[in-house]
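Right, one structure below, let's go through it.
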Protein chains: 2
Amino acid sequence: MQKHKPTTIIDIAKALNVSPSTVSRALHDHPSISAETKRNVHELAKKFNYQPNLLALSLLNKKTGIIGIVVPEITGYFFATIINGVQDMVASAGYKLLICQSNESFEEEKKLIHEMTLLRVDGFLISPTFNTKTFDHFEKLKSAGIPLVIFDRDCPGFQADKVLVDSYHGAYQAVDYLVKAGCRHVAHIAGPIAIPTFKQRLDGYLDALQDNGLSINDSLIVYSSGFSSECGIDALTQLLDQNETLDGIFSVNDAVAIGAMHIIRERGLRIPQDISMVGFDDESYSCFFNPSLSSVWQPVYEVGMLSAKILLDHFSNSEQAEGYRYEVLKPELVIRSSSASPNPLDIPRVHL
Amino acid sequence: MQKHKPTTIIDIAKALNVSPSTVSRALHDHPSISAETKRNVHELAKKFNYQPNLLALSLLNKKTGIIGIVVPEITGYFFATIINGVQDMVASAGYKLLICQSNESFEEEKKLIHEMTLLRVDGFLISPTFNTKTFDHFEKLKSAGIPLVIFDRDCPGFQADKVLVDSYHGAYQAVDYLVKAGCRHVAHIAGPIAIPTFKQRLDGYLDALQDNGLSINDSLIVYSSGFSSECGIDALTQLLDQNETLDGIFSVNDAVAIGAMHIIRERGLRIPQDISMVGFDDESYSCFFNPSLSSVWQPVYEVGMLSAKILLDHFSNSEQAEGYRYEVLKPELVIRSSSASPNPLDIPRVHL
DNA sequence: CCCTTTTACGCAAACCTTTGCATTAGCTAT
DNA sequence: ATAGCTAATGCAAAGGTTTGCGTAAAAGGG
């Protein structure tokens with residue numbers, strides 16, 4: 001494995017006894033280069049397998065063509081699909097994507113952003129950690145003139161372009177549906193309400209109950225310590241041990257819902273006859289559970305596409321339109337068989 | 001959003017009336033710089049918020065500190081977890097990761113590798129497309145002296161460092177278990193056998209049957225057109241429509257198995273009483289199905305860690321040990337309740 | 001007081017490419 | 001013949017950093 005150093009424009013220039021500038025111009029088909037020189041250059045470039053050094057170019061142009069994306073995790077349908085949306089959008093504009101995971105660590109997030117700044121990425125797409133309460137590291141980007149778009153998770157008080165999903169609306173739909181389907185004692189497995197997204201889901205739950213004339217029972221709200229199925233197990237164990245009357249559950253996400261369903265079955269209860277269940281996220285496997293899990297679908301791919309689009313707009317229209325974009329996409333309730341039908345005569349509409 | 005250009009070492013030099021070299025040395029704590037100068041430089045660097053330009057450095061050192069990883073997809077537990085393993089390993093060595101998806105497209109794979117070469121990534125981790133039959137683009141990397149490690153999917157005939165999982169062994173275990181549990185008519189939902197991984201799973205299936213003295217029934221082998229749950233639905237519909245006797249299924253992966261289980265239930269058959277099921281991959285949700293899905297777990301995270309480690313070794317020991325590393329990791333059968341217990345008295349061991 | 005070290009720093013090259021501004025030669029038009 | 005033009009190319013700077021080597025001044029030794 002002989003390590004040739006890559007051919008440069010200078011190598012070609014020497015071999016042809018011309019200057020590097022001539023070679024550069026020939027390769028770019030500059031009009032003031034003779035046809036013969038061009039031919040020679042192209043020929044030699046092919047022969048030596050010349051590849052332009054993008055580093056040198058980036059240094060010169062002060063742009064790398066790389067977009068940095070920071071997500072809390074890539075495992076899981078949600079962020080992976082957002083990344084797909086981003087990828088597809090930026091690739092079509094000739095940009096490359098540098099993907100990093102913060103693993104929900106604020107320190108990691110700061111470090112990653114810093115490192116990517118050193119690499120001179122042209123812009124950022126960021127979905128902040130749940131532990132991101134201060135935004136100095138984002139402000140730094142703004143004052144350095146590096147465009148950024150926040151997606152999926154809001155940063156209250158921080159001004160920037162944002163692409164979010166209307167969690168409140170999704171939650172409201174889900175709970176409203178449960179109530180209209182006959183549930184009178186709907187519980188909520190909530191996420192940490194310090195986080196806007198989960199506060200919104202809780203609010204949607206509360207408002208939907210109240211708008212339907214149901215009173216709120218605080219002991220039907222249980223807070224999950226995390227977002228894995230194991231947390232769902234814990235949450236539901238806690239809930240059932242309270243012995244409250246209970247005929248419906250709105251879960252903060254599908255993974256948790258699945259853990260919860262496991263416990264429901266284990267206690268000999270039936271879904272949806274005894275307890276209806278609605279999740280959030282519409283994971284790819286949710287429709288294959290038994291019973292298939294009703295869930296709130298989010299336009300994840302679109303979030304990715306739109307975020308990327310907004311970022312790309314910064315590159316082309318440098319004349320920064322005043323103000324920041326604030327886009328809120330609508331989720332959609334997908335009804336399957338884990339929740340009772342509103343009209344007992346209806347057969348549940350099963351989505352695959 | 002005023003776009004300051006970033007401070008350079010030259011700005012500091014001018015402000016202090018010294019040469020850039022002095023600033024550089026001061027920042028690197030070079031011994032031949034006076035304590036006072038160092039103090040001044042550091043002070044000003046902090047004040048101006050100086051950030052070294054990694055592009056210039058990369059250009060100089062001919063290394064970027066970036067590792068390129070090309071995977072067929074990032075959606076899904078398998079590759080996402082491998083990436084986690086890689087990430088953790090390379091981060092500890094100070095490398096950054098450029099993640100790209102080929103979407104199982106050979107052309108895309110070639111294009112991505114080419115582009116990443118232009119960006120001068122220091123090395124590659126590649127899991128080839130199912131459509132990658134020729135390896136010229138890999139050979140190019142080798143002859144350019146760029147180290148690469150192939151993982152998860154083998155490239156027959158191409159010499160390189162490889163980290164693979166022993167699919168044959170996993171499949172053999174699964175089918176051997178099904179037979180010992182009493183299944184006499186074990187079907188296999190196979191992947192495309194043009195791909196070594198799936199050929200191995202098929203071979204494991206065949207050998208396990210024969211070693212147990214069972215004959216092979218070709219109509220019990222059905223080929224799935226893909227790897228999603230929808231494909232499992234198709235495959236099993238086809239299988240059941242043949243009306244063959246059938247009491248066990250070994251599926252090419254969990255997603256397909258889940259689609260298959262859906263159909264089994266729909267036809268009024270019971271799992272595992274009528275048909276036992278074992279999948280492959282041990283997805284994170286598999287243990288929450290009803291019944292929970294037995295599966296072959298693969299050491300995914302370890303594949304990532306080891307692949308990255310081997311690549312990193314190339315950077316430190318440039319004195320290339322002769323020959324290529326060829327690592328084959330062992331998968332492990334995880335028995336849950338979708339498969340009958342070997343001894344009817346045993347209660348199935350349920351893994352969470 | 002002079003020679004030798006040491007201390008502290010500057011110069012310039014190297015990494016690779018692009019591009020505005022010469023520069024050269026050959027031609028045309030006057 | 002000569003100014004003016006065009007065609008084809010070269011020069012050099014710029015982008016930011018590191019580093020071997022050279023050098024000045026100060027310090028030390030005899």
Side-chain angles (χ1 to χ4, degrees), chain A residues 3-42 44-45 48-66 115 117-122 144-145, chain B residues 3-42 44-45 48-66 115 117-122 144-145:
Chain A
K3 185 144 187 165
H4 313 290
K5 57 190 59 172
T7 314
T8 74
I9 221 175
I10 302 181
D11 300 327
I12 300 180
K14 277 189 187 142
L16 250 49
N17 237 323
V18 296
S19 76
S21 357
T22 303
V23 177
S24 171
R25 280 187 262 251
L27 290 171
H28 290 83
D29 206 32
H30 191 283
S32 77
I33 299 293
S34 74
E36 196 195 336
T37 309
K38 278 182 192 167
R39 203 162 31 73
N40 291 337
V41 168
H42 279 111
L44 218 57
F48 289 173
N49 188 28
Y50 167 74
Q51 310 285 11
N53 187 324
L54 253 48
L55 289 176
L57 254 178
S58 301
L59 183 57
L60 199 58
N61 299 335
K62 293 164 166 305
K63 51 176 297 189
T64 51
I66 300 180
E115 289 176 348
T117 312
L118 296 189
L119 283 175
R120 297 298 200 267
V121 299
D122 291 339
Chain B
K3 186 142 189 168
H4 313 292
K5 56 191 59 169
T7 313
T8 75
I9 222 176
I10 301 180
D11 300 328
I12 300 179
K14 276 188 187 143
L16 250 50
N17 237 321
V18 296
S19 77
S21 358
T22 303
V23 176
S24 171
R25 280 189 261 251
L27 290 171
H28 290 83
D29 208 33
H30 191 281
S32 78
I33 298 293
S34 73
E36 197 195 335
T37 309
K38 278 182 190 166
R39 202 161 34 73
N40 291 337
V41 168
H42 278 111
L44 218 58
F48 288 173
N49 187 30
Y50 167 73
Q51 310 285 10
N53 187 325
L54 252 47
L55 288 177
L57 254 177
S58 301
L59 183 57
L60 196 58
N61 299 335
K62 293 162 167 303
K63 51 177 296 189
T64 51
I66 301 180
E115 289 177 348
T117 311
L118 295 188
L119 283 174
R120 299 296 202 267
V121 300
D122 291 339

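Chain naming here is simple, since letters A, B, ... match the order of the sequence lines and numbering starts at 1 in each. All values derive from a computational prediction rather than experimental measurement.
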Winner on side-chain proximity to B:Ile33, out of D:dT18, C:dC9, C:dC16, is C:dC9
Report which part of the nucleic acid A:Leu60 touches: base, sugar-phosphate, or nothing (heavy-atom distance under 4.0 Å, all strands).
-> base
Can you see which heavy atom on B:Leu119 is nearest to which on B:Thr64, and at what distance?
-> O-CG2, 3.7 Å
Distance below 4.0 Å between A:Tyr50 side-chain N/O and C:dC16 OP1 or OP2 = no
Take the protein atom CG of A:Asn40 and the nucleotide atom C1' of D:dT9, then report the distance between them rounded to whole Å.
-> 14 Å
Minimal non-hydrogen separation, A:Pro52 against B:Arg120, with atom names = O-NH1, 3.7 Å
So among A:Asn61, A:Asn53, A:Leu59, which one has a side-chain contact (heavy atoms from CB on, under 4.5 Å) with A:Leu57?
-> A:Asn61
What's the closest nucleotide to the B:Thr8 side chain, out of C:dT18, D:dG16, D:dT9?
-> D:dG16
Is a donor-acceptor contact shorter than 3.5 angstrom present between the side chain of A:Arg120 and the base of D:dG16?
-> no
Just checking, any donor-acceptor pair under 3.5 angstrom between side chains of B:Ser24 and B:Ser21?
-> no
When we call it a touch if two heavy atoms are under 4.0 Å apart, what does B:Ser32 touch: a base, just sugar-phosphate, or nothing?
-> base
Any side-chain heavy atom of A:Tyr50 sitting closer than 4.5 Å to one from A:Val23?
-> no
Classify the side chain of A:Ser21 versus the base of D:dC11 as yes if they form a donor-acceptor pair under 3.5 Å and no if they do not.
-> yes
Counting any heavy atom closer than 4.0 Å, what does A:Thr37 reach on the DNA or RNA strands: base, sugar-phosphate only, or nothing?
-> sugar-phosphate
Value in whole Å for how far the P atom of C:dT18 lies from CD1 of A:Ile12 | 11 Å
Identify which nucleotide among D:dT18, C:dG20, C:dC15 has an atom closest to any side-chain atom of A:Arg25, counting heavy atoms from C-beta outward.
-> C:dG20
Indicate whether OP1 or OP2 belonging to D:dG10 is found under 4.0 Å from a side-chain N or O atom of A:Ser19.
-> yes
Checking all strands, does B:Pro52 fall into the base, sugar-phosphate, or nothing category for heavy-atom contacts under 4.0 angstrom?
-> sugar-phosphate
Please tell me which of the listed nucleotides, C:dC16, D:dG10, D:dG16, lies nearest to the side chain of A:Thr22?
-> D:dG10
Below 4.0 Å: OP1/OP2 of D:dA8 and any side-chain N or O of A:Lys38 = no
Options C:dC15, C:dT19, D:dT17, nucleotide nearest the side-chain atoms of B:Ile9 = D:dT17
Atom CG of A:Asp11 and atom P of C:dC16 are separated, to the nearest Å, by 8 Å
Pick base, sugar-phosphate or nothing for A:Asn17, based on heavy-atom distances below 4.0 Å to the nucleic acid.
-> sugar-phosphate
For C:dT7, does OP1 or OP2 lie under 4.0 Å from any side-chain N or O of B:Ser34?
-> no
Please name the pair of heavy atoms, one in A:Leu55 and one in B:Ser58, separated by the smallest distance, quoted to 0.1 Å.
-> CD1-CB, 3.6 Å
B:Leu27 CG to D:dT17 P, in whole Å, measures 9 Å
Please work out if A:Leu59 contacts a base, only the sugar-phosphate, or nothing of the nucleic acid, heavy-atom cut-off 4.0 Å.
-> base
Rounded interatomic separation in angstrom, taking NZ from A:Lys63 and C1' from D:dG15 = 16 Å
In whole angstroms, the gap separating C1' of C:dT18 from CG of A:Asn53 amounts to 13 Å
When rounded to whole Å, the CG to C1' distance for the pair A:Asp29 and C:dT18 reads 16 Å
Rounded distance in Å - CD1 (B:Ile10) to C1' (C:dA12) = 13 Å
